[in-house]
Amino acid sequence: MSPAPAKVTADDYAARRDAVTAKVDSGIVLAFGESEPLVFYPTFFQMPNFEYLTGFDESDAVMLILKRKGAPTSTMMFVPTQTPIMARFVGHRTPIADLQRTMGMAGRNLGQLRPTVDSLIATGLPVYFIPAVHTGDWFDQDTVTFGARFISNLHAAHPSLVIASLDSAITDLRKKKTATEIGLLRHAAQISVRAHREAMKAAAPGCTENEIQALLDGTFRRLGGDRPGYGSIVASGKNANTLHYMKDDDTLHDGDLILIDAATSYNHYSADVTRTFPVNGMFTAPQREIYQMVRDAQEAFVRQIKDGISVNVASDSGRAVIANGLTRLGLIESPDATFDGYAGTRCPAAGCRQTALYALHGYGGHGLGLEVHDPAQYYDTGNLFKNGDVFTVEPGVYVAPDYIALMPDTPRNRAMKAKIAPAVEKYKWIGVRIEDDYALTDRGFDWLSRGAPREINEIEALMREPSPQLPGGGTCGSRRRR
């Protein structure tokens with residue numbers, strides 16, 4: 001492994017706070033940290049916005065910045081007072097008296113937060129808050145955290161109080177990654193690469209998904225990762241067609257593929273890496289055809305990326321490779337062919353594209369940072385890649401006969417299903433995703449996850465190497481080696 005990268009400094013955190021609150025003239029700015037977990041697995045991990053502004057890695061903390069006439073007059077950190085017996089149970093917290101020295105902020109007892117805020121509100125100051133949320137695909141607002149309850153109670157107690165979110169300010173700041181952040185993400189990616197290489201060497205018929213997951217997660221921690229950046233996906237055979245499969249308890253079978261989507265968080269910054277490879281170390285001919293199509297789509301997308309280019313241009317390039325490839329293999333009728341969509345889907349009048357039966361999640365990816373789905377500049381109007389963007393590129397193709405069978409029973413769909421049936425049978429249950437991490441910088445395009453084999457010959461060569469020892473000792477399964 002390369003040496004540990006530079007970390008975010010106290011001056012960096014202070015500059016971030018100044019940037020987020022720059023448009024606040026006078027007011028109370030509140031940022032809420034993560035609460036102590038109800039149970040101790042998974043362990044405490046700081047709320048991303050709070051981490052971004054403070055770097056303070058302890059639970060149940062609230063930061064208050066007081067601004068008057070455009071200048072911050074004080075910054076305070078409110079934390080619980082810890083009893084000696086609690087310290088014996090959960091370890092020592094930073095003493096309140098030490099917060100000024102360690103964080104550059106006056107320390108206060110958390111019990112003083114509400115009286116302090118009420119007294120400041122009484123002077124006529126508005127309240128601004130940093131949302132205490134995790135990035136999610138399926139929700140739009142936070143409803144459960146301490147921060148959300150605190151703000152709701154303020155509304156109830158002070159009906160005329162001006163309360164405003166600084167969500168857009170911190171989101172805009174988090175979109176563009178600094179050189180330090182890119183260095184942390186590169187290190188997270190390289191730890192993840194090491195884990196993927198070990199998994200490729202270890203996998204064999206007879207192994208179980210959980211054995212491979214244990215090897216991945218153990219490698220993350222052994223090499224300095226905080227924890228898995230997200231639930232590790234180790235999906236063999238049919239399981240690879242479930243995009244977020246996380247049971248990881250099935251047995252690997254000879255002739256199947258295994259899809260691993262797993263990466264570590266390092267100093268809170270998360271990588272995101274996916275590789276798909278044959279359980280027995282050798283791709284079959286149908287597996288090669290699907291795999292190479294996905295790999296070509298990834299490369300077509302990546303070739304387009306540079307500062308000022310629209311993500312739509314890159315997506316169109318990846319889409320063309322997949323559409324032409326699926327047509328060539330007989331899985332769709334033509335690159336632009338459509339079908340009558342599933343109930344609840346939004347399709348144009350002409351129908352949904354047949355490519356959507358197999359390419360379920362697009363051709364590019366998402367921003368990376370403190371969260372595995374982090375803000376990125378190219379999400380803005382125009383969808384233009386810009387220097388400072390860090391993101392994944394992750395095309396995938398999944399041939400799931402049961403999903404195809406659920407299409408509405410219409411004349412058009414029946415005719416299409418009859419035509420593609422031989423190809424669906426030939427490629428059934430093959431699921432392939434290839435995902436890498438990239439950064440755009442002033443010095444060019446940086447492939448952060450370089451080193452995890454993704455070409456067919458590279459994968460097969462690595463899988464001929466001896467298996468590493470698994471956690472608990474020994475190896476698993478029995479792979480035929482050429």
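It should be emphasised that the depicted structure is a prediction, and the values quoted were computed from it without experimental measurement.
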Please check this pair: side chain of D389 against backbone of A376, looking for a donor-acceptor N/O pair closer than 3.5 Å.
no

Could you check if a side-chain atom of V62 sits within less than 4.5 angstrom of a side-chain atom of F146, using non-hydrogen atoms only?
yes

Out of L223, L216, D217, which one pairs with T219 under the side chain to side chain contact (heavy atoms under 4.5 Å, CB included) rule?
L223

Determine yes or no for a side-chain-to-main-chain donor-acceptor pair under 3.5 angstrom, with S310 supplying the side chain and N312 the backbone.
yes

Quick check for you: to the nearest 0.5 Å, what is the distance between T242 atom OG1 and I233 atom CD1?
10.0 Å

Shortest non-hydrogen contact between D248 and S232, atoms and distance
OD2-O, 2.6 Å

Is a salt bridge present between D402 and K428, judged by a nitrogen-to-oxygen distance below 4.0 Å?
no

Any non-hydrogen side-chain atom of Y52 less than 4.5 Å from a side-chain atom of E181?
yes

Side chains of N239 and E209, heavy atoms from C-beta outward: is any pair under 4.5 Å?
yes

When you check the gap from the basic side-chain N to the acidic O, do E460 and R288 get nearer than 4.0 Å?
yes

Of all the heavy-atom pairs spanning R194 and R222, show the shortest one and how long it is.
NH2-NH2, 4.1 Å

Verdict with supporting geometry, V302 and Q304, side chain to side chain contact (heavy atoms under 4.5 Å, CB included):
CA-CA 5 Å; V302 167; Q304 300 291 346; over 6 Å; no

For F129 and S165: C-alpha separation, side-chain torsions, deciding distance, then whether side chain to side chain contact (heavy atoms under 4.5 Å, CB included) applies.
CA-CA 5 Å; F129 66 95; S165 171; 3.6 Å; yes

Would you check if the distance from the ring center of F45 to the ring center of H268 is below 6.0 Å?
yes

Could you please spell out the steps behind the salt bridge (Lys or Arg N to Asp or Glu O under 4.0 Å) verdict for D250 and K238?
CA-CA 10 Å; D250 210 346; K238 291 183 180 181; over 6 Å; no

Between the side chain of Q377 and the main-chain N/O of N387, is any donor-acceptor distance below 3.5 Å?
yes

Considering residues at least two apart in sequence or located in another chain, which fulfil the ring-ring contact (aromatic ring centres under 6.0 Å, His included) criterion with H187?
Y266

Over 12 non-hydrogen atoms of neighbours within 6.0 angstrom of NZ in K176:
no

Ion pair K175/D380, N-O distance below 4.0 Å:
yes

How are the rings of F391 and F385 set relative to one another: parallel (under 30°), tilted (30 to 60°) or perpendicular (over 60°)?
tilted

Does H361 have any ring-ring contact (aromatic ring centres under 6.0 Å, His included) partners at least two apart in sequence or in another chain, and if so, which?
Y398

Roughly how far apart are H366 NE2 and H373 NE2, rounded to 0.5 Å?
3.5 Å

Check whether any side-chain N or O of N241 sits under 3.5 Å from a backbone N or O of V399 as a donor-acceptor pair, and report yes or no.
yes

Would you sort out whether M105 and F56 count as a side chain to side chain contact (heavy atoms under 4.5 Å, CB included), showing the intermediate values?
CA-CA 11 Å; M105 304 180 193; F56 187 63; over 6 Å; no

Y342-Y403 aromatic ring centre distance below 6.0 Å:
yes

Can we say E289 and K426 salt-bridge, meaning some charged N sits less than 4.0 Å from an Asp/Glu carboxylate O?
yes

With the side chain counted from C-beta on, respond yes when I260 and F277 share a heavy-atom pair under 4.5 Å apart, and no when they do not.
yes

When you measure from the side chain of Q46 to the backbone of E58, do you find a donor-acceptor pair of N or O atoms at a distance under 3.5 Å?
yes

Separation between OG1 of T276 and CD1 of I434, rounded to the nearest 0.5 Å
6.5 Å

Can you check whether R450's main-chain N or O pairs, donor with acceptor, with Q190's side chain at less than 3.5 Å?
yes

Heavy-atom side-chain proximity of D437 to L185 below 4.5 angstrom
no

Nearest 0.5 Å, please: how far is CD1 in I404 from NZ in K417?
9.0 Å

Heavy-atom closest pair (A204 atom, C476 atom, distance to 0.1 Å) is CB-O, 3.9 Å

Evaluate the side-chain proximity of R186 to P5: yes if any heavy-atom separation is below 4.5 Å, no if none is.
no

Rounded to the nearest 0.5 Å, what's the gap from CD1 on I459 to CE on M200? Could you check?
4.5 Å

Any non-hydrogen side-chain atom of V372 less than 4.5 Å from a side-chain atom of T392?
no

Where the side chain of R221 meets the backbone of D226, is there a donor-acceptor pair that is under 3.5 Å apart?
yes

Salt bridge or not for R454 and E458, using N-O below 4.0 Å?
no

Taking side chain as C-beta onward, heavy atoms only, is M47 less than 4.5 Å from I130?
no

Check this for me: does any side-chain nitrogen of one of E371 and R174 sit under 4.0 Å from a carboxylate oxygen of the other?
yes

Please evaluate residues E51 and Y13 with respect to the criterion side chain to side chain contact (heavy atoms under 4.5 Å, CB included), reporting the C-alpha separation (whole Å), side-chain torsions for both, the decisive distance (0.1 Å), and the verdict.
CA-CA 9 Å; E51 173 69 26; Y13 289 118; 3.7 Å; yes

What I want to check is whether the side chains of Q298 and R295 have a donor and an acceptor closer together than 3.5 Å.
yes

Closest non-hydrogen contact found for L215 with P468 is CD2-CG, 4.1 Å

Minimal non-hydrogen separation, V321 against A297, with atom names:
CG1-N, 3.5 Å

For R275 and P453, indicate whether the former's side chain and the latter's backbone hold a donor-acceptor pair under 3.5 Å.
yes

Has the side chain of S59 got a donor or acceptor atom that lies under 3.5 Å from a matching backbone atom of E34?
no

Side chain Q287, main chain G255, donor-acceptor under 3.5 Å:
yes

Which distance, rounded to the nearest 0.5 Å, do you find between the CD1 of I182 and the OH of Y269?
10.5 Å

